[in-house]
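Lettering follows sequence order; numbering is per chain, from 1. FYI, side chains are in, hydrogens and waters are out, and symmetry mates aren't considered; it's all heavy atoms of this structure.
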Amino acid sequence: MKRKTNGISHKRNMSYMPVIAIALVLFTVFFIIPAVYSFYFSLTDWNGYSLEYNFIGLDNFVKVFQDTDLLNSVKFTMIYTVAVNATTIPFSIFLAVLLTRKLRGVNFFRSVFFYPAIISMLSLGLIFNEIFRRMLPMIGENLGIGFLETSLLSSKGGAMLAVIILGFWQNLSIPTVLLIAALQSVPGDLLEAAKVDGAGPITRFRVVTFPFLASTLVICLVKGIRDALVVFDYIVSLTQGGPAKATTSMGYKIYLMGSMDMKFSQACATAVVLFVIITIASFVIMKVVGRGGIEQQ
Amino acid sequence: MSRKTKKRLLDAGTYACLIFWFLCIALVLYVTVVNSLKTQAESSISFLTLPESFNIQNYIEVFHRNGFVTAVVNTTFFTLISVAVVMVFVPAVSYAVNQTFPLKTSKFTLYYITAAMFVPFQIVALPLSMFMKALGLGNRVSIIIIFITYPLIQGVYLCNGYIKTIPRELAESAYVEGAGTWKTFFSVVYPIMKPMTATIVITNFLWMWNEFLISLMILGADKDTQTLPLFIYSFKGQYSIEYNLLFAAIVLSSIPLTVMYVFLQKYIVAGLAGGAVKG
């Protein structure tokens with residue numbers, strides 16, 4: 001039997017195999033098998049407890065787009081994802097540009113701006129809950145500012161806005177840091193040359209700087225969209241999906257259906273839909289935004 | 001307008017924007033800390049004023065609450081054990097894959113594990129919690145196994161990229177001199193991988209310390225194995241009116257990471273930035 005080899009003796013190759021085997025076993029048993037189970041149960045009507053269940057084909061998947069509650073969770077998740085990324089990405093470019101100017105104190109701002117990234121999402125959700133529910137209405141009453149008096153969390157649109165504000169507040173930090181690094185990789189003489197040729201600051205940014213940011217922007221967007229699509233902690237702690245289920249994200253809905261509402265198979269199907277959305281979104285971004293950039297490294 | 005005034009205006013504008021965002025961040029942190037030091041009567045007058053006296057009564061109260069100390073011990077235990085294993089395990093797996101690369105097994109391993117980057121945790125979560133209960137490993141072992149396994153997904157991808165940049169001759173010469181395969185790894189390759197190992201340690205430390213969904217699914221309402229995020233969450237449910245205590249609990253649970261951030265800022269920023277690079 002002739003094998004494809006790597007020019008290393010069989011005995012030596014074998015000495016690496018135990019470690020690879022441990023990794024494969026752990027990963028298969030604790031990640032792949034549960035994931036496969038999810039696909040499997042998504043085709044059934046199992047409620048998570050009963051002893052018997054039936055195969056019902058793609059019914060659960062059809063329901064994701066027919067059931068009012070589920071469709072609403074898909075809609076909210078999309079709105080949240082688009083809103084958070086459409087705000088964080090431009091603002092992080094803006095902040096990164098400011099933070100790479102040679103000014104005194106810039107390092108201090110950098111370290112403060114990054115701090116939100118290390119606080120737990122759950123704690124922040126609880127803090128923002130107190131701010132929206134108690135602090136702002138209290139300030140509104142004391143100062144007689146009408147629109148502050150009712151809590152943002154008590155109306156559907158307001159609660160959605162509150163989740164987006166929290167998402168923006170925390171998720172600005174990592175793209176900013178990544179973009180600072182990318183901006184610092186833009187060769188100074190290239191900018192200088194463009195300046196000599198008479199290009200204004202906006203043209204310089206568009207023509208010279210932007211191509212250097214493209215690959216970083218792909219990373220920020222893929223990560224940002226992925227994180228937003230699976231949003232769970234913020235919802236649990238800030239709004240608990242309310243009011244009137246307006247902020248029930250897909251991630252939260254999956255949890256509710258799977259562990260509270262005895263709709264295990266429906267939860268699995270929704271998770272599969274979420275997986276498909278993430279995969280498609282990631283590939284589209286890599287293809288569309290990734291083009292026209294300069295490969296770094 | 002002269003060049004100089006133009007630059008001055010630009011600088012002033014820059015500072016104005018930076019200070020504005022600084023205040024947005026500082027306000028949230030200020031509200032949290034200040035109200036953790038106030039009595040509820042003081043907070044109900046205003047969230048923004050400083051406390052009349054810095055009383056740490058809330059903190060003492062949190063310490064005495066059932067479950068807080070257990071949660072601190074559990075989170076510390078799960079995080080430290082898992083990080084210690086991940087720190088060696090992930091680079092070792094990546095190295096083994098790299099060394100045996102054109103072989104089918106290692107090629108398969110690399111794509112099999114890294115492809116999971118697109119899989120949301122939700123798809124695994126529900127069957128996983130049932131599966132873990134069925135295996136009967138107990139909550140502690142279950143959570144540690146998960147904390148050790150999941151870092152492979154991103155870690156193997158990152159380490160593999162990093163190891164490729166290390167010249168093969170380096171390991172080769174050590175091997176020829178008679179060091180075994182793993183001795184070569186620990187004495188030659190592992191030290192070179194330090195920056196990447198640091199990234200992996202930092203991203204996973206933060207993840208494990210703050211992790212909520214997995215712990216909620218696996219540990220559920222079990223008081224003995226409760227982690228800090230679960231404690232804070234249950235705290236919220238049980239004593240939702242005592243928000244001053246909630247703030248104190250949040251501050252306490254964020255202290256370790258904050259202290260780490262103050263001292264290891266450079267590495268944490270670089271680590272999280274490096275860890276995000278996975279598209």
Side-chain angles (χ1 to χ4, degrees), chain A residues 4 6 12-13 15-16 19-20 23-24 26-27 30-31 33-35 37-38 95 98 101 103 109 111-123 126-127 130-131 134-135 138 169 174 177-178 181 218-219 222-223 230 232-233 251 254 258 264 267-268 271-272 274-275 278-279 282 286, chain B residues 11 14 17-18 21-22 24-25 28 31-32 46-47 92-93 96-97 99-103 105-106 109 113 116 118-124 126-128 131 145-146 148-150 152 180-182 206 210 212-213 229 232-233 236 243 246 250 253-254 257 261 265 268-269 272-273 276-277 279:
Chain A
K4 206 177 168 190
N6 52 356
R12 194 169 148 203
N13 273 329
S15 68
Y16 294 112
V19 172
I20 293 183
L24 282 178
L26 281 176
F27 185 69
F30 298 105
F31 192 91
I33 291 180
Y37 263 107
S38 243
L95 273 188
L98 298 186
R101 298 193 64 214
L103 291 174
F109 287 111
S111 46
V112 175
F113 291 1
F114 192 71
Y115 182 70
I118 71 159
I119 316 175
S120 91
M121 294 165 75
L122 184 81
S123 300
L126 296 173
I127 294 170
E130 297 298 337
I131 290 179
R134 270 188 247 268
M135 188 181 106
M138 216 191 282
W169 191 90
I174 290 184
V177 170
L178 291 175
V218 172
I219 292 163
V222 170
K223 187 182 151 50
V230 301
F232 174 78
D233 298 18
I254 292 167
F264 193 87
C268 291
V272 172
L274 189 57
F275 166 60
I278 290 175
T279 313
S282 308
M286 284 191 248
Chain B
D11 289 357
T14 304
C17 295
L18 293 179
W21 188 239
F22 169 79
C24 289
I25 293 175
V28 174
V31 166
T32 311
S46 165
F47 261 55
V93 172
V97 166
Q99 285 292 298
T100 55
F101 193 66
L103 297 185
T105 333
S106 47
T109 311
I113 294 180
F118 292 108
V119 182
F121 180 70
Q122 272 87 353
I123 218 170
V124 187
L126 294 171
L128 183 72
F131 191 60
I145 287 180
I146 291 166
I148 289 169
T149 306
Y150 291 9
L152 282 171
T181 43
W182 287 109
L206 291 178
N210 290 335
F212 177 62
L213 177 56
I232 289 175
Y233 180 56
K236 162 84 183 161
Y243 49 88
L246 175 73
I250 289 174
S253 75
S254 321
L257 294 184
Y261 184 63
Q265 198 197 107
I268 292 177
V269 172
L272 278 188
V277 182

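The side-chain heavy atoms of A/Ser120 and B/Phe212, taken from C-beta on, include no pair separated by under 4.5 Å. Using a 4.5 Å heavy-atom threshold, the side chains of B/Trp21 and A/Phe109 count as separate. Using a 4.5 Å heavy-atom cutoff, the side chains of B/Phe121 and A/Phe31 are not in contact. The closest side-chain heavy-atom distance from A/Tyr16 to B/Val97 is not below 4.5 Å.
Looking at B/Thr32, the atoms closer than 4.5 Å to chain A (heavy atoms on both sides) all sit in the side chain, from C-beta outward. Looking at B/Val31, only its side chain comes within 4.5 Å of chain A, counting heavy atoms on both sides. For a residue to count as touching a neighbouring chain, one of its non-hydrogen atoms must lie under 4.5 Å from one of that chain's; by this rule B/Leu126 touches chain A with backbone and side chain alike. Looking at A/Phe232, the atoms closer than 4.5 Å to chain B (heavy atoms on both sides) all sit in the side chain, from C-beta outward. With a 4.5 Å cut-off on non-hydrogen atoms, A/Leu122 touches chain B through its side chain but not through its backbone. Looking at A/Met135, the atoms closer than 4.5 Å to chain B (heavy atoms on both sides) sit in the backbone and in the side chain alike. Heavy-atom distances place the side chain of B/Gln265, and not its backbone, under 4.5 Å from chain A.
Counting heavy-atom pairs closer than 4.5 Å to chain A, the top residue among B/Ser254, B/Ser253, B/Ser106, B/Ala116 is B/Ala116. The choice from A/Ala35, A/Ser111, A/Ala23 that makes the most heavy-atom pairs within less than 4.5 Å of chain B is A/Ser111. Contact count against chain A (heavy-atom pairs under 4.5 Å) is highest for B/Val119 among B/Val119, B/Thr109, B/Leu206, B/Leu152. The most heavy-atom pairs under 4.5 Å with chain B, out of A/Thr279, A/Val177, A/Ile254, A/Ile127, come from A/Ile127. Contact tally against chain A (heavy-atom pairs below 4.5 Å) for B/Ile113, B/Thr105, B/Leu257, B/Ile146: the top residue is B/Ile113. Most heavy-atom pairs under 4.5 Å with chain A, from the set B/Ile268, B/Leu18, B/Thr149: that is B/Leu18.
Classified by interplanar angle (parallel below 30°, tilted 30° to 60°, perpendicular above 60°), the ring pair B/Phe131/A/Phe30 is perpendicular.
In this structure, A/Val230 and B/Gln122 approach most closely via the heavy-atom pair O-NE2, 3.2 Å. Residues B/Phe118 and A/Phe275 share a closest heavy-atom pair of O-CD1, 3.4 Å.
A donor-acceptor contact shorter than 3.5 Å links the side chain of B/Trp182 to the backbone of A/Ser15. Remark: side-chain polar atoms of A/Tyr37 are not paired, donor with acceptor, to backbone N or O of B/Leu128 under 3.5 angstrom. Remark: the backbone N or O of B/Ile123 is paired with a side-chain donor or acceptor of A/Ser38 at under 3.5 angstrom. Using modelled atom types, no side-chain atom of B/Asn210 and backbone atom of A/Met121 make a donor-acceptor pair closer than 3.5 Å.
Rounding to the nearest 0.5 Å places OH of B/Tyr233 at 9.5 Å from CG of A/Leu126.
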